[in-house]
Amino acid sequence: MSLQATTSHTVGPFFSIGLTRLAHAEIAGPGVAGERIVIEGRVLDGDGKPVPDALIELWQANSHGKYAHPEDSQEKPIEPGFKGYGRQPSDDAGKFRFTTIKPGPVPGPDGKPQAPHISVSVFARGLQRRLVTRIYFPDEAANASDFALGRVDPARRGTLIAKKAGGQPGQLEWNVILQGAGETVFFDIGL
Amino acid sequence: MAPLTGYRRPYPGTQPNHLHPTYRSSLKRAPAQPLVYLPHTLSEITGPVFGPEPADLKATDLTKQGHGDPLGKRIIVSGRVLDENGRPLRGALVEIWQANSAGRYLHRNDQHNAPLDPNFIGEGHALTDDQGRYRFVTIRPGEYPWGNHYNAWRPAHIHFSVFGPAFVTRLVTQMYFPGDALLPYDPIFNCTADEKARNRLISVFDWETTVPSHALGYKFDIVLAGRDATPMEI
């Protein structure tokens, strides 16, 4: 049997009614191993205006580079209590904030490790399908040989790499610019 | 690790583009640069796993979330979550939200001059069973005006958010009702080029799930991307 995947639609402006229940900014609770990080940013539109009704979802491996998922068969430790999933709406100023741990490297398609990264979905009114992007980390030597970054125009790679912020260790800034100058790189992974 | 198998890409025309000039909100939010093609890796073929959750009848019966019966026509919306190979997906998280029978959302930004219903919230969620099935009891949502263009009205719809087995299979969509006179005029519904794909978002009236003297039944199956037959693309 061959079916076709259902057509995507926007989350619209009122998604908080249905999607707040699972919203949480803290991806790694106390006791989870790894370097603690805070990722803060804003979602901006093509006029540079804040997008107050976006929804950000994150998906990441633990600090050992293992996903809490049955298809990750790597012999690496699982962190009890770490699911690797986060969801936050942007606020009235377009801001979002997550606290988590820096993920470890996971294998790429060629068997070589990918640079540490977090997978991101962006949903919003106006977006009939989600936008998919990644957060990479500053001062990470592995970024230079990462297969996904390698597919991106070097002039735009910086949009995928979080910046150190606030002078605090682990404090990172990463923005989503939907359109125009400094537009974030978005990936085509299917839907 | 064993070789990984990726997921199929959408059939041409069956998914909307990001920019749709008729849908005004897309104008400043759709990316101007082309997307960068990314082969699937472990990061894309894994994804959040939910459940099991404690049984919560109110989560699937949106008519039981207040102190009394909400106003409007009670309906039963049910269906299956499948992959493109027709395989039922067990444990898929389905989240829904909708307007009340008057076409008003319980949301601070909904300024439509229609009454809120103290007995209706409009949120539901369920994990699919071993056959990929879900079932919600709710109220038929009302149509409502919006600011996209002069005299713009959204057809009645229920929002669906679905997590399948992988980051790649994440889907958010809207379900419509058969015979809705507003469908031909709705820019959101009509953003998808392929007419058959578009029409699959319209639920089907269903006698089998209609409960006598109680509620009409509507069927809505959701299909998520299927597995590639061959290992990784690169």
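Here is how names work: the chains are called A, B, and so on, in the same order as the sequence lines, proteins then strands, and each is numbered from 1.
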State yes or no: are the ring centers of B:Phe163 and A:Tyr85 separated by less than 6.0 Å? yes
What part of A:Pro103 gets closer than 4.5 Å to chain B, counting heavy atoms only: side chain, backbone, both or neither? neither
For the residue pair A:Thr6 and B:Arg200, establish whether any side-chain heavy-atom pair is separated by less than 4.5 Å. no
Do B:Glu95 and A:Leu22 have side-chain heavy atoms sitting under 4.5 Å apart? yes
Which region of B:Arg170, side chain (C-beta onward) or backbone (N, CA, C, O), has a non-hydrogen atom less than 4.5 Å from a non-hydrogen atom of chain A, or is it both or neither? both
Can you check whether B:Leu171's main-chain N or O pairs, donor with acceptor, with A:Ser8's side chain at less than 3.5 Å? no
Between B:Arg8 and A:Ser2, is there a side-chain heavy-atom distance shorter than 4.5 Å? yes
Please report the closest heavy-atom contact between B:Arg9 and A:Asp188, naming both atoms and the distance. NH1-O, 2.8 Å
Please step through side-chain contact (heavy atoms from CB on, under 4.5 Å) for the pair B:Gln33 and A:Arg156, ending with a clear verdict. CA-CA 11 Å; B:Gln33 300 288 332; A:Arg156 301 185 65 210; 3.5 Å; yes
Should we say atom NZ of A:Lys95 is surrounded by more than 12 heavy atoms from elsewhere, each under 6.0 Å from it? no
Donor-acceptor pair, A:Thr7 side chain versus B:Thr14 backbone, under 3.5 Å? yes
Can you tell which of B:Lys28, B:His20, B:Gln98 has the highest number of heavy-atom pairs within less than 4.5 Å of chain A? B:Lys28
Closest non-hydrogen atom pair between B:Gly86 and A:Leu3, with its separation: CA-CD1, 3.9 Å
Please round to the nearest 0.5 Å and tell me the distance separating atom CG of A:Leu127 and atom CG of B:Leu19. 10.5 Å
Between B:Phe160, B:Phe167, B:Phe189, B:Phe50, the one whose heavy-atom pairs under 4.5 Å with chain A are most numerous: B:Phe167
Value for CZ (A:Arg129) from CG (B:Leu35), rounded to nearest 0.5 Å, stands at 7.5 Å
Looking at the rings of B:Tyr176 and A:His9, which for Trp means the six-membered one, are their centres under 6.0 Å apart? yes
Provide the closest heavy-atom pair for A:Pro13 versus B:His107 in the form atom of the first, atom of the second, distance. O-NE2, 3.7 Å
For chain A, which candidate among B:Pro165, B:Cys191, B:Gly47 shows the most heavy-atom pairs at distances under 4.5 Å? B:Gly47
Would you call B:Pro48 and A:Lys83 a side-chain contact if the rule is heavy atoms closer than 4.5 Å? no
Cut-off 4.5 Å, heavy atoms of chain B, and the answer for A:Val176 is neither
Against chain B, label A:Gln114 side chain, backbone, both or neither, depending on which of its atoms sit under 4.5 Å from a heavy atom there. side chain
Do any N or O atoms from the side chain of B:Glu84 and from the backbone of A:Ala5 form a donor-acceptor pair under 3.5 angstrom? yes
Lys/Arg-Asp/Glu bridge criterion (N-O < 4.0 Å) met for A:Arg21, B:Asp56: no
CG of B:Asn113: more than 12 outside heavy atoms within 6.0 angstrom? no
Looking at A:Ala148, A:Ala124, A:Ser121, which has the largest count of heavy-atom pairs under 4.5 Å with chain B? A:Ser121
Which one wins on heavy-atom pair count under 4.5 Å against chain A: B:Asp110, B:Asp194, B:Thr169, B:Ile222? B:Asp110
Answer yes or no: is there a side-chain heavy-atom contact under 4.5 Å between A:Phe147 and B:Thr41? yes
With a 4.5 Å cut-off on heavy-atom pairs, point out which of A:Ile177, A:Asp53, A:Val43, A:Thr20 contacts chain B the most. A:Asp53
B:Arg227, CZ atom: more than 12 neighbouring heavy atoms under 6.0 Å: yes
Rounded distance (nearest 0.5 Å) linking atom OG of B:Ser25 with atom CG of A:Asp45: 10.5 Å
Worked check of side-chain contact (heavy atoms from CB on, under 4.5 Å) between B:His159 and A:Ile17: CA-CA 10 Å; B:His159 295 265; A:Ile17 297 168; over 6 Å; no
Region of B:Gln15 in contact with chain A, defined by heavy-atom distances below 4.5 Å: both
Please state whether the side chain, the backbone, both or neither of A:Phe123 comes within less than 4.5 Å of a heavy atom of chain B. side chain
Is it the backbone or the side chain of B:Leu93 that comes under 4.5 Å from a heavy atom of chain A, or both, or neither? side chain
Closest contact, heavy atoms only, B:Ile188 versus A:Gln128: O-NE2, 2.9 Å
Nearest heavy-atom contact between A:Pro107 and B:Leu42 is CD-CD2, 3.9 Å
When you compare the side chain of A:Leu191 with that of B:Tyr7, does any pair of heavy atoms fall below 4.5 Å? no
Report which part of A:Val11 has an atom under 4.5 Å of a heavy atom belonging to chain B: side chain, backbone, both, or neither. both
Are any of the side-chain heavy atoms of B:Ser43 and A:Tyr67 separated by less than 4.5 Å? yes
Exam field: side chain B:His125 to backbone A:Gly18, donor-acceptor pair closer than 3.5 Å: no
I want to check something: taking the side chain as every heavy atom from C-beta on, are A:Gln179 and B:Arg29 in contact at a cut-off of under 4.5 Å? no
Which heavy atom in B:Val168 sits nearest to a heavy atom in A:Arg130, and how many Å separate them? O-NH2, 3.4 Å
Strictly distance-based, threshold 3.5 Å: is any side-chain N or O of A:Glu183 a donor or acceptor partner for the main-chain N or O of B:Ala32? yes
Where does A:Glu57 contact chain B at under 4.5 Å (heavy atoms): side chain, backbone, both or neither? side chain
Where does A:Val132 contact chain B at under 4.5 Å (heavy atoms): side chain, backbone, both or neither? side chain
Answer yes or no: are there more than 12 heavy-atom neighbours, outside B:Tyr185 itself, under 6.0 Å from its atom OH? no
Heavy-atom proximity to chain B below 4.5 Å, by part of A:Ala68: backbone
Distance-only, no hydrogens or angles: does the A:His69 side chain make a donor-acceptor pair with backbone N or O of B:Val49 under 3.5 Å? no
